[in-house]
S.K.: 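This is the structure, below, for whatever I ask next.
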Amino acid sequence: MRKISSIKLWFIALLCVSGILDYTAWAQTGHTTSLKFDKVVHNFGKFLASSGKKHCEFKYTNISDQAVVINNILSSCGCSVPEWNKAPIKPGESGVIKVTYLNDQGAYPFDKTLTVYVSSSTKPIMLRIIGVAYDKEKPISELYPAHFGPLGMKSSTQNGGQIEQGLKKALKENIVNISSKKINISFANTDPALEISVSPSSIAPGESATISYTINTSKGKQRWGKNIYKATMLNDGKSIGTFATEATIVTPYTSLSKEEKDKAAQVFLDKSSFTFGSIKKGSKIPVNVTISNPGKTALKIYKVETGEDSMDLNYPAQILAGGKATVKGSISANKADPDKVFIITLVTNSPDRPLVTIFVSGSITES
């Protein structure tokens, strides 16, 4: 049995709570795909909320050996309207998905998702449009509140989403020179799994640049679940802060054949949530969850992540086909909270459930 006592919760568990989890990575490469996109994120930057509609394009090429049809594109918001060619896309042919952002939501930072369903795969392709609409001009330092010396970014840690083990994901983020002097950016002490560059590397006051980075899970030590990848940012050779991006590494699932999925391990829990009722602060909450594997191969539990330092759990590293085992231990109720939810996330090799979440809820009183 493996034991954990202090592992931080991966934010993906919170997405499970809100029901917006999607296991499809935004820009993974390494397995066969039918449509290759020139980008999966378009950044409109900052603009006035009164400036009218905004437009962008996502270009693609059919790199498979058969015709592909874009069956549908669903937007996460009615403010983002996609247009695309409904005709079959022959091998080698290219096309574009045109997106109009209506810009009628008022002043706010936005991040909208477009889910692209294609005939060649049961897994959709995720595209995003991001930007900041504002009422009036604001100082750059306010628009980019995460500061690294003379640099400003939207957040101190970037979100790399999910990546299947053995694959890689390419992403981009904007940085801005919020100082009054020209800066020259380079990187050092870079994580072995992180490839990073900036263009342009010399940034004038008030100007922006693009950090391009790739998380490559095949490089460096094999990791599972939530991980943070870092690089030291330098200005003229001197450290000004740390670039950090986090990603959840899961078992490969999009490239598996039907036969491989039929033979794969499966995960069933006797309960995915339970309540401990009302208890006093300082009490121990017992955890005992039975896991069954009705699949045809062994179920591996690579990692268990929790949101609390107060959890002391034991879990099996492997459950044979047809077997059962338990995740057991306790949670210390250290703080009073009338609506407390503890979250436990299992990182497994099941292609159907690479992340399995257990919710433990109740009321913790002072006395």
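The chain is numbered in sequence order, starting from 1.
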S.K.: Is there a donor-acceptor contact under 3.5 Å from the side chain of Ser350 to the main chain of Ala265?
M.R.: yes
S.K.: With side chain to side chain contact (heavy atoms under 4.5 Å, CB included) as the criterion, how do Glu164 and Thr251 come out once you've worked through the C-alpha distance, each side chain's angles and the decisive distance to 0.1 Å?
M.R.: CA-CA 5 Å; Glu164 294 175 39; Thr251 194; over 6 Å; no
S.K.: In sequence, state the C-alpha distance, the side-chain angles, and the governing distance for Lys226 and Glu246, and then conclude on salt bridge (charged side-chain N to carboxylate O under 4.0 Å, His left out).
M.R.: CA-CA 7 Å; Lys226 178 186 175 181; Glu246 59 185 17; 3.6 Å; yes
S.K.: Does Lys182 offer a backbone N or O that forms a donor-acceptor pair with the side chain of Asn184 under 3.5 Å?
M.R.: no
S.K.: For the pair Asp111 and Arg128, find out whether any cationic side-chain nitrogen is under 4.0 Å from an anionic carboxylate oxygen.
M.R.: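 Yes, Asp111 and Arg128 are salt-bridged.
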S.K.: When the ring planes of His42 and Phe44 are compared, do they come out parallel, tilted or perpendicular, using 30° and 60° as the limits?
M.R.: perpendicular
S.K.: For Phe37 and Tyr60, take the angle between the two ring planes, folded into 0 to 90°, and tell me which bin it lands in: parallel under 30, tilted 30 to 60, perpendicular over 60.
M.R.: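 Tilted, since the angle between the ring planes falls between 30° and 60°.
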S.K.: To the closest 0.5 Å, what do you measure between OG (Ser218) and CD1 (Ile163)?
M.R.: 10.5 Å
S.K.: Using modelled atom types only, decide if a donor and an acceptor are shared between the side chain of Ser272 and the backbone of Ile358 within a distance under 3.5 Å.
M.R.: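 Side chain of Ser272 to backbone of Ile358: no pair is present.
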S.K.: Tell me whether Ser310 contacts the main-chain N or O of Ser332 through its side chain, where contact means a donor paired with an acceptor under 3.5 Å.
M.R.: yes
S.K.: In this structure, which one of Lys221, Lys230, Arg223 forms a salt bridge (Lys or Arg N to Asp or Glu O under 4.0 Å) with Asp191?
M.R.: Arg223
S.K.: So, Asn293 side chain and Gln266 main chain: donor-acceptor pair closer than 3.5 Å or not?
M.R.: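 Flag set: sc Asn293 to bb Gln266 pair under 3.5 Å.
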S.K.: Check the pair Ser278 / Thr365 against side chain to side chain contact (heavy atoms under 4.5 Å, CB included), numbers first and verdict last.
M.R.: CA-CA 7 Å; Ser278 179; Thr365 62; 3.7 Å; yes
S.K.: Evaluate whether atom NZ of Lys90 has more than 12 neighbouring non-hydrogen atoms of other residues, nucleotides or ligands under 6.0 angstrom away.
M.R.: no
S.K.: Keeping Ser179 on the side-chain end and Pro150 on the backbone end, is there a donor-acceptor pair under 3.5 Å?
M.R.: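 Not a single qualifying donor-acceptor pair exists.
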S.K.: Less than 6.0 angstrom separating the ring centers of Tyr101 and Phe110, yes or no?
M.R.: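 Yes; Phe110 has its ring centre under 6.0 Å from that of Tyr101.
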S.K.: To the closest 0.5 Å, what do you measure between CD1 (Ile279) and NZ (Lys284)?
M.R.: 11.0 Å
S.K.: Starting at OG of Ser120, measure out to CD1 of Ile125 and round the result to the nearest 0.5 Å.
M.R.: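 With rounding to 0.5 Å, OG (Ser120) is 7.0 Å from CD1 (Ile125).
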S.K.: Counting N and O atoms only, with roles assigned by atom type, does the side chain of Ser64 sit under 3.5 Å from a partner on the main chain of Gln66, one being a donor and the other an acceptor?
M.R.: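 Yes, Ser64 side chain to Gln66 backbone: donor-acceptor pair under 3.5 Å.
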S.K.: Has the side chain of Thr290 got a donor or acceptor atom that lies under 3.5 Å from a matching backbone atom of Asp270?
M.R.: no
S.K.: Is Asn349 reaching over with its side chain to a backbone N or O of Ala298, donor-acceptor style, under 3.5 angstrom?
M.R.: yes
S.K.: Using a 3.5 Å distance criterion without hydrogens, assess whether the side chain of Asn177 forms a donor-acceptor pair with backbone atoms of Gly206.
M.R.: no
S.K.: Tell me the closest heavy-atom pair linking Met233 and Ile211, and the distance in Å.
M.R.: SD-CD1, 4.5 Å
S.K.: Is it possible for you to check whether Lys172 lies under 6.0 Å from the centre of the six-membered ring of Tyr213, through NZ or CZ, and within 45° of that ring's axis?
M.R.: no
